[in-house]
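In what follows, a structure is listed as structure tokens, so that the remarks can point back to it.
Just the heavy atoms: all of them, side chains too, but no hydrogens, waters or symmetry mates, feed the values below. Computed from a prediction, not measured in an experiment: that's the story for all the values here. Just so we're on the same page: letters track the sequence lines, and every chain starts at 1.
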Amino acid sequence: MPDSVAGSLLAWYDQHGRKNLPWHENRTPYRVWVSEIMLQQTQVNTVIPYYEAFMQRFPDVEALASAPVDDVLQHWSGLGYYARARNLQKAAIAVMEEHGGEFPDSQAALEALTGIGRSTAAAILAQAHGIRATILDGNVKRVLARYHAVRGWPGRPKVMNALWAHAEKHTPDARVRDYTQAIMDLGAMVCTRRRPDCADCPINDGCEALAQGIVAQLPESKPRKIMPEKETWLLLIEDDIGNLLMERRPPSGIWGGLWSLPEMDTAVTLDELPEIASRELGIQCEDPEPLAGFRHTFSHYHLHIHPVRLRLTGQSAIADSERLHWHPRSTAPSLGVPSPIRKLLTEPEQPSLV
DNA sequence: GATACGTGGCT
DNA sequence: TAGCCAAGTAT
């Protein structure tokens with residue numbers, strides 16, 4: 001007996017589904033892959049302009065594999081989750097070197113590429129190759145948690161396994177490309193997190209949560225922890241012609257691999273900053289000048305940022321190294337820079353007071 | 001199994 | 001407004 005959910009979703013998709021997103025044109029594995037990575041934990045409207053620019057600059061896997069990593073990070077600047085960008089290029093190089101420049105077409109081979117997990121691999125198989133494969137993204141989780149009244153937070157493996165099992169069961173043999181898009185579109189357009197439109201849902205007759213009156217309670221949300229507060233100083237070290245010293249952050253951790261301002265923790269005192277700058281950065285400066293600080297909230301903690309201006313004395317020998325780079329104060333950096341830092345550099349007086 | 005990882009929109 | 005959440009994966 002055919003799965004009525006898939007049939008109903010496909011019929012609805014033909015009428016209402018989204019078919020004109022940028023990555024729907026010319027669905028090569030490369031284009032689908034880049035879109036899927038960008039769309040991880042990121043909303044469609046945020047991704048669209050980044051995707052267009054990225055495809056202009058890196059039209060195929062070879063262009064991405066051979067590009068400087070700073071180019072890739074610059075195009076990712078502002079999107080967040082920057083490990084995605086670094087992994088994207090690592091995987092592009094692997095596709096060139098280990099797969100002769102052609103994307104693999106098996107779940108296992110795709111998952112072996114860094115940054116591609118179970119759901120993204122399945123999305124590439126279904127969207128680019130038309131191979132039957134099952135995705136489970138945030139939209140599908142919500143649809144299935146409601147349709148089958150699956151209790152518990154989907155982050156728990158037991159709940160996740162139940163959702164995967166439901167997802168596998170509904171995946172049809174034919175039209176997997178459209179079905180995959182259909183169930184995501186339903187989650188994005190009808191079975192939304194808030195104010196779902198159950199009256200117009202194509203699968204409302206079989207929906208357990210609707211029958212039980214618990215649609216609004218599913219899926220259950222993650223138990224929240226208190227967010228820690230962290231403090232840091234960012235050093236705006238300027239030379240006499242208005243260049244700022246920027247520092248490449250370590251490859252892991254927050255803003256990994258991006259360029260930011262030299263950072264000190266607030267355990268040191270203001271007076272110590274010139275000496276620390278001399279020792280750590282090899283430059284001579286004086287007159288620490290505290291600027292208005294601001295708070296930046298991440299998913300996991302609040303960061304209190306205290307910018308301090310330091311004026312360089314004499315000439316500096318340091319420039320354009322792997323770790324340190326002078327950048328014109330007046331223009332946005334042509335490197336990968338975190339959004340708050342970009343704002344700090346381009347709107348120096350704008351950060352809100354704490 | 002739990003945690004880290006960004007940013008912007010929404011209420 | 002402060003918290004919640006979004007086309008997840010790596011460690």
Side-chain angles (χ1 to χ4, degrees), chain A residues 17-18 21-24 32-51 73 76-88 90-91 110-124 126-127 133-143 152-161 163-164 167 180-189 191-195 216 219-230 249-258 260 295-303 336-343 352:
Chain A
R18 296 177 291 188
L21 293 168
W23 40 91
H24 292 166
V32 170
W33 170 53
V34 172
S35 76
E36 291 297 332
I37 300 298
M38 282 192 174
L39 287 161
Q40 288 169 3
Q41 303 289 281
T42 310
Q43 299 190 347
V44 168
N45 287 339
T46 303
V47 164
I48 288 172
Y50 282 89
Y51 183 80
L73 287 173
W76 214 270
S77 180
L79 251 192
Y81 286 139
Y82 298 97
R84 293 183 296 175
R86 300 192 302 275
N87 289 338
L88 199 69
K90 277 184 205 160
L110 284 168
E111 287 186 34
L113 296 170
T114 181
I116 298 181
R118 181 174 178 180
S119 190
T120 298
I124 295 169
Q127 296 286 345
T134 300
I135 66 160
L136 187 63
D137 68 354
N139 286 312
V140 180
K141 284 178 200 166
R142 185 170 54 256
V143 169
W153 173 52
R156 286 168 45 194
K158 198 169 180 180
V159 178
M160 188 75 89
N161 287 339
L163 292 172
W164 270 113
T180 297
Q181 189 65 45
I183 192 166
M184 284 192 291
D185 285 357
L186 188 81
M189 301 164 68
C191 194
T192 49
R193 185 165 62 88
R194 288 182 301 265
R195 301 168 57 92
E220 290 182 21
S221 57
K222 173 183 183 164
R224 286 291 163 183
K225 292 185 175 178
I226 298 168
M227 278 206 281
E229 309 269 344
K230 299 187 178 183
R249 298 182 61 88
S252 62
I254 194 79
W255 300 337
L258 272 69
S260 182
R295 190 173 84 155
H296 190 69
T297 298
F298 297 91
S299 306
H300 310 286
Y301 58 90
H302 299 297
L303 182 64
V337 176
S339 288
I341 302 302
R342 183 176 295 272
K343 285 176 191 160
S352 60

Classify the nucleic acid contact of [X] as base, sugar-phosphate or nothing, counting any heavy atom under 4.0 Å across all strands shown.
X: A:R156; value: nothing
X: A:G187; value: nothing
X: A:T114; value: sugar-phosphate
X: A:S221; value: sugar-phosphate
X: A:L21; value: base
X: A:S299; value: base
X: A:I37; value: nothing
X: A:R18; value: base
X: A:W23; value: base

[X] [atom1] - [N] [atom2] separation (whole Å):
X: A:H302; N: C:dT1; atom1: NE2; atom2: P; value: 14 Å
X: A:R195; N: C:dC5; atom1: CZ; atom2: P; value: 18 Å
X: A:R295; N: C:dG3; atom1: CZ; atom2: C1'; value: 11 Å
X: A:R142; N: C:dC4; atom1: CZ; atom2: P; value: 17 Å
X: A:H300; N: C:dT11; atom1: NE2; atom2: P; value: 16 Å
X: A:L136; N: C:dA6; atom1: CG; atom2: P; value: 12 Å
X: A:N45; N: C:dC5; atom1: CG; atom2: C1'; value: 15 Å
X: A:L79; N: C:dG8; atom1: CG; atom2: P; value: 13 Å

Only residue of A:W76, A:Y82, A:F298 satisfying ring pair (Phe, Tyr, Trp, His ring centres under 6.0 Å) with A:W255 is A:F298
Check the surroundings of atom CZ in A:R18: do more than 12 heavy atoms from other residues, nucleotides or ligands lie under 6.0 Å from it? yes
With rounding to whole Å, what would you report as the distance between B:dG6 and C:dT11 at their P atoms? 14 Å
Is the distance from OP1 or OP2 of C:dC4 to the nearest side-chain N or O of A:R193 less than 4.0 Å? no
Is there a side-chain polar atom (N or O) of A:R84 under 4.0 Å from OP1 or OP2 of C:dA10? no
Starting from the 5' end of DNA chain B, give me the residue, A:Y81 or A:G155, whose nearest nucleotide shows up first. A:G155
Whether A:W23 and A:Y51 hold their rings parallel, tilted or perpendicular, with breakpoints at 30° and 60°: perpendicular
Look only at the side chain of A:S77 and the backbone of A:V337, and say whether a donor-acceptor pair between them is shorter than 3.5 Å. yes
Between A:R84 and A:N87, a side-chain donor and acceptor under 3.5 Å: no
For A:H24, what residues pass the side chain to side chain contact (heavy atoms under 4.5 Å, CB included) criterion, not counting sequence neighbours? A:L21, A:R27, A:Q181
Are A:V159 and A:E220 close enough that some pair of their side-chain heavy atoms sits under 4.5 Å apart? no
To the closest 0.5 Å, what do you measure between CD (A:Q40) and CG (A:L79)? 11.5 Å
A:E36 or A:N87, whichever maps to the more 5' nucleotide of DNA chain C: A:E36
When A:T42 and A:E111 are each assigned the nearest nucleotide of DNA chain C, the 5'-most assignment goes to A:T42
With a 4.0 angstrom cut-off to heavy atoms of chain A, pull out the first and last contacting nucleotide of DNA chain B, in 5'-to-3' order. B:dG1 to B:dT11
